[in-house]
Amino acid sequence: MSVAVHDAPAAGDGLLKIGAIIVGLMTFLAIFGPVIAPYDPTAATDTVSTPPPPLIDWPRLFIAQFDPEIPAPHWFGVDAAGLDVFSRTISAPRTDLLIALTATAFSFVIGVTLGALAGFFRHWSTELLMRASDILQSFPVFISAMILVALAGRSGVNIVLAMTLLYSPIFIRLTRAEVMSLRNRGFVEAARATGVSERNIVFRYVLPNALGPAAAQASVTIGFAILLTAGLSFVGAGVRPPTPEWGLMIANGASQIVLGDWWPSLFPGAAISITVFGFASLGHALERRYGR
Amino acid sequence: MMGRFIIRRLAVGGIQLFVLIIAVFLLIRLLPADPVARFVGLNASPEAYAAAKSNLGLDQSIPKQLGDFLGVTGGDGLLQGSLGRSWVTGDAVAAEVARALPVTLELLTYSFLLACIIGVPLGVLGAVRPGGAADKGTLVFGLFAGSQPEFSWAIMFIFVFFVVLGIAPGPLGRLSPLTDPPTAITGFMTIDGLLAGRPGVTAEAVRYLSLPVLTQAFILSGPIIKMVRQNMAEALQADFVLYARAAGLPERQVALSALHAAFAPSMTLIGVLYGFMLGGAVLIESVFSLGGIGQYAIRSILAFDYPAIQGVVLIISAISLIVYLLIDILHAALDPRAAL
């Protein structure tokens, strides 16, 4: 059953644009962030716990940057360990985004393939697959991810593997439901009548038409994967310091917050807020366009 | 009818829980972690290592360990209601979990109440005038709130309300460290204070809970707005609304009856969210040092405390399943078609 839920088209298009701009910017930083960072994101500068320059001075400082003799200002301040917060914040997408994108890509490919098979063929193995997905989906996500990463070893690869395991079932379920609704359509019968093999029917004809909901979910999942990556390192079960990573930065800043040092945690926190909102907006816009 | 529905759901839930706990048990033993080295240190002699290994029971075969855990080999295990003893504290895991659980339930209950007070009217507002400014505003707010890192907001709230304004207490737990906590009866500090005849303690507990609840409610309001808006919009599309409008009922009354129809599905989704959040309040508990089930999970996982890890996952999953069951029963009572 599909029910039209009205959004003003304007709000939908606006969200699509905002989402696309944020996602584009973060992808740019994931590629070039560490290159354009004015300071080494993992090496101490010669100051500690310095607040950022007042906003009113930013234009003057920015113009002064055209003189190569003048050292780069610490736009976002310096943390208690002497690390430049701006350089770390713009270098972090390479960790956070890369982990989130890889984990989502793995979950998507595995989930969509298994979901197509489970939706098209009725077999004890596909039944078993669905029961296994049920069990996986009833795991408490954050705690399970912590268990997997802490016990398997704190590394980016293990975070990706843990999230792949935990996020695949949603893609299996979405694709299976969509394939089941397409299974008896005319074009499937037509393909079968012309002698196309069952496997080709699933992967060449049905699956491409069934990707909408999973594609919209992928954008949302990337956002959640970023939150999970940052959350894991925030509690000490994620990537290791001094990797430039938003969750680690917030955790380090948290111990300084009662002393009034807001900048080491505000900027990475805002970066996560904006990025995840960007992926969620894009996901919402895609869902309205291509989803159910 | 209803009885059979409940029994079937309980049976399915029980099997699911059993498979889940076995899966967790095997999973933590298959991962390449070495809890023995964690407890004796890396420089321990081989004898000390072997002694610690046998002490923790890890020298036994995995089927034997599983049998001990389940309680089918003679000792106390799951079947006898025991979750084993923590490797870190030596205390019964069941008792430690029972102490931590009410903390999380208290945080979540107040947060959900506040989130519903904010989210339900906003969701309804968005649905009754589709395309209006309120609709766009609530849509964007809902998307934003639902995609926020709660731990970084928690830290910013601490900065603003504790460090700068000084109107909220610091992130030191549920009460001031100087306050003698009341006897735990319900485990809800706000209620135990009243039961102990110490309203001052309740007031203090409310103050200490204010920032965690504010943070959690802000994050939760996102999905709640989205769900209510969706269900309300669907209800407004129903034939009975068309009929009510055709019959000339005032728009306010039409909206009220649509809200009634949207109530059951919204309740279900909010219940699912509550169950989900039991294991999702980890980060807020950690920032505010509340000592709930999530913080207990962090401590156990980082210390490789296997009995405690198993206990936490089991209890969280069991409570989620019970919440889902209660919600399904409530849903079936409100809308008998659901029990079919």
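Throughout, protein chains are lettered first and strands after them, A, B, ... in sequence-line order, and every chain is numbered starting at 1.
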Give, as side chain, backbone, both or neither, the part of [X] having an atom under 4.5 angstrom from any heavy atom of chain A.
X        : value
B:Phe144 : both
B:Val164 : neither
B:Ile28  : both
B:Leu302 : side chain
B:Ser320 : neither
B:Ile316 : side chain

Task: Residue A:Phe224 versus chain B: region with a heavy atom under 4.5 Å - done: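 The answer is the side chain of A:Phe224.
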- [ ] With a 4.5 angstrom heavy-atom cut-off, could you sort out which part of A:Leu148 is near chain B: side chain, backbone, both or neither?
- [x]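 Both backbone and side chain of A:Leu148 come within 4.5 Å of chain B.
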TODO: Walk me through it: do A:His284 and B:Leu139 pass the test side-chain contact (heavy atoms from CB on, under 4.5 Å)?
DONE: CA-CA 10 Å; A:His284 179 85; B:Leu139 171 72; 3.5 Å; yes
For [X] versus [Y], what's the shortest heavy-atom pair and its separation?
X        : Y        : value
B:Ile301 : A:Ile143 : CD1-O, 3.8 Å
A:Gly260 : B:Val163 : CA-CG1, 4.0 Å
B:Leu143 : A:Ala280 : CD2-O, 3.8 Å
A:Trp262 : B:Met156 : O-CE, 3.8 Å

Within this structure, what is the [atom1]-[atom2] distance for the pair [X] and [Y], rounded to the nearest 0.5 Å?
X        : Y        : atom1 : atom2 : result
B:Ser317 : A:Phe139 : OG    : CZ    : 7.5 Å
A:Met146 : B:Ser300 : CE    : OG    : 8.5 Å
B:Leu283 : A:Leu228 : CG    : CG    : 9.0 Å
A:Leu151 : B:Leu27  : CG    : CG    : 8.0 Å
A:Ile257 : B:Phe157 : CD1   : CZ    : 12.5 Å

Task: Choice from B:Val282, B:Ile309, B:Val287 maximising heavy atom contacts with chain A below 4.5 Å - done: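 Answer, by heavy-atom pair count under 4.5 Å with chain A: B:Val282.
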Task: Heavy-atom pairs under 4.5 Å with chain A, option from B:Pro32, B:Ala127, B:Pro35, B:Gly294 with the top count - done: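 Most pairs with chain A among the choices: B:Pro32.
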TODO: Return the orientation label for the B:Phe151 and A:Phe234 ring planes: parallel under 30°, perpendicular over 60°, tilted otherwise.
DONE: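 The rings of B:Phe151 and A:Phe234 sit tilted, inter-plane angle from 30° to 60°.
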- [ ] Using a heavy-atom cutoff of under 4.5 Å, enumerate the residues of residues 14-21 of chain B that contact chain A, numbered in order, or state 'none'.
- [x]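 Residues of residues 14-21 of chain B touching chain A at under 4.5 Å: B:Gln16, B:Val19, B:Leu20.
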- [ ] Tabulate, in ascending numerical order, the residues of residues 266-276 of chain A having at least one heavy atom closer than 4.5 Å to a heavy atom of chain B, or enter 'none'.
- [x]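 At a heavy-atom separation under 4.5 Å, chain B is reached by A:Leu266, A:Gly269, A:Ile272, A:Ser273, A:Val276.
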